[in-house]
Amino acid sequence: MPAWPATEADALAEQDRLRALVDPTGPALSDDALVAGVDVAYDDERDVVVAAAVLLDFTTLETVEETTAAGTVRFPYLPGLLAFRELPPVLDALAALRHRPDLVLCDGYGIAHPRRLGLASHLGVLTGLRTAGVAKTPFSFTHDQPGPARGDWSPLLDGTEIVGRALRTRTGVKPVFVSVGHRIGLAEACEATLALASRYRLPETTRRADSRCRRALAEAVLRGRGESRGLA
DNA sequence: GCGACAG
DNA sequence: ATCTTGTCGC
């Protein structure tokens, strides 16, 4: 694997290389599927980043396994280049999983991206795993308001091109923005998102990964303080 | 040219 | 992402 891009120009070239490898199609999940959620927390002061991967049983929503991975921030946040900031620890956390996920849900976009290679698609191509993105805001895309009921949706548009869906996961609550990552269709990605977001706006996968990596970051920072004082 | 802009 | 108290509601 080539070195992780260090400059914006290298990152753009890497996106061009990977974007051609995205497969935006694939079947629905089976009932016995294992779905992973991944998320990242930062402490920019100390240059620390921690990722978590939480694996759920798709049907029972029970946590099967969870891992975390800590590292150093390797890339600044630049809109459109989020993957280069978030993926290094995410790849480590996923590699530490004992089971292989049947789908990985990311906090962000897949194909819905100015260059068609958002975080979720990028992760899918690098790992070969099936991935989808569920974002909380519309980024630079447009959409009509979906109907008011859970399950209602409207197309997410980049100009006239459909790149995802604004999907209402809870009646009367702001929609989330779903897009294909890799090896899954848009309808199937929305179906999975809806199944995982039965109680809250965001899917259980991302909710649990979010709380898990925040806790791991707090622990890592405490450990760092202790060691710097010689308190092993 | 100036802002907007996933997390 | 992160900084942050109380508060409205199921």
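In what follows, chains carry the letters A, B, and so on, assigned in the order in which the sequence lines appear, proteins first and then strands, with residues in each chain numbered from 1.
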Inset, instruction - Treat a base pair as Watson-Crick or G-U wobble with both distances under 3.5 Å, then lay out DNA chain B in dot-bracket form, 5' to 3', with | for cross-strand pairs. - result: .......
Legend entry - Exam field: side chain A/Arg130 to backbone A/His182, donor-acceptor pair closer than 3.5 Å: no
Legend entry - Distance in angstrom units between A/Asp39 CG and C/dA1 P, rounded: 7 Å
Legend entry - Interatomic distance where CZ belongs to A/Arg215 and C1' belongs to C/dT2 [whole Å]: 20 Å
Inset, instruction - Select base, sugar-phosphate, or nothing to describe what A/Gly80 touches, counting heavy atoms under 4.0 Å on all strands. - result: base
Inset, instruction - Using the rule that two of Ile, Leu, Val, Met, Phe, Trp, Tyr join whenever any of their side-chain heavy atoms come within less than 4.5 Å, decide whether A/Leu119 and A/Leu12 are in one cluster. - result: yes
Inset, instruction - With heavy atoms under 4.0 Å as the rule, sort A/Tyr109 into base, sugar-phosphate or nothing. - result: base
Inset, instruction - Among Ile, Leu, Val, Met, Phe, Trp and Tyr joined by side-chain contacts under 4.5 Å, find the other residues sharing a cluster with A/Tyr109 and list them by chain and number. - result: A/Phe139, A/Phe141, A/Leu156, A/Val163, A/Phe177
Inset, instruction - Tell me what A/Ala112 touches on the nucleic acid: a base, only sugar-phosphate, or nothing, going by heavy atoms under 4.0 Å. - result: nothing
Inset, instruction - For A/Arg199, answer base if it contacts any base atom (sugar-phosphate contacts may also be present), sugar-phosphate if it contacts only those atoms, and nothing otherwise; contact means non-hydrogen atoms under 4.0 Å. - result: nothing
Inset, instruction - Determine, for A/Asp44 against A/Arg85, whether the closest basic-nitrogen to carboxylate-oxygen distance falls under 4.0 angstrom. - result: yes
Legend entry - Residues A/Asp43 and A/Arg46 bridged, charged N to O under 4.0 Å: yes
Inset, instruction - Name the nucleic acid region contacted by A/Leu81, choosing base, sugar-phosphate or nothing; use a 4.0 angstrom heavy-atom cut-off, strictly under. - result: base
Legend entry - Whole-Å gap separating P (C/dA1) and CZ (A/Arg85): 11 Å
Inset, instruction - Send over the distance from A/Leu217 CG to C/dA1 P, rounded to a whole Å. - result: 13 Å
Legend entry - More than 12 heavy atoms of other groups within 6.0 Å of A/Arg199 CZ: no
Inset, instruction - Send over the distance from A/Arg201 CZ to C/dG9 P, rounded to a whole Å. - result: 20 Å
Legend entry - Atom-to-atom span, OH of A/Tyr77 to C1' of C/dT2 - whole angstrom: 13 Å
Inset, instruction - Send over the distance from A/Asp43 CG to C/dC3 C1', rounded to a whole Å. - result: 12 Å
Legend entry - Atom CG of A/Leu129: over 12 foreign heavy atoms under 6.0 Å: yes
Inset, instruction - Mark yes or no: A/Arg74 above the aromatic ring of A/Phe84, with NZ or CZ under 6.0 Å from the six-membered ring centre and no more than 45 degrees from the axis. - result: no
Legend entry - Interatomic distance where CG belongs to A/Asp210 and C1' belongs to C/dA1 [whole Å]: 10 Å
Inset, instruction - Answer with base, sugar-phosphate or nothing: what part of the nucleic acid does A/Thr137 contact at a heavy-atom distance below 4.0 Å? - result: sugar-phosphate
Inset, instruction - May I ask you to say whether A/Glu219 pairs ionically with A/Arg215, meaning some side-chain N is under 4.0 Å from a carboxylate O? - result: yes
Legend entry - First-last contacting nucleotides on DNA chain B - partner chain A, under 4.0 angstrom, heavy atom: B/dC5 to B/dG7
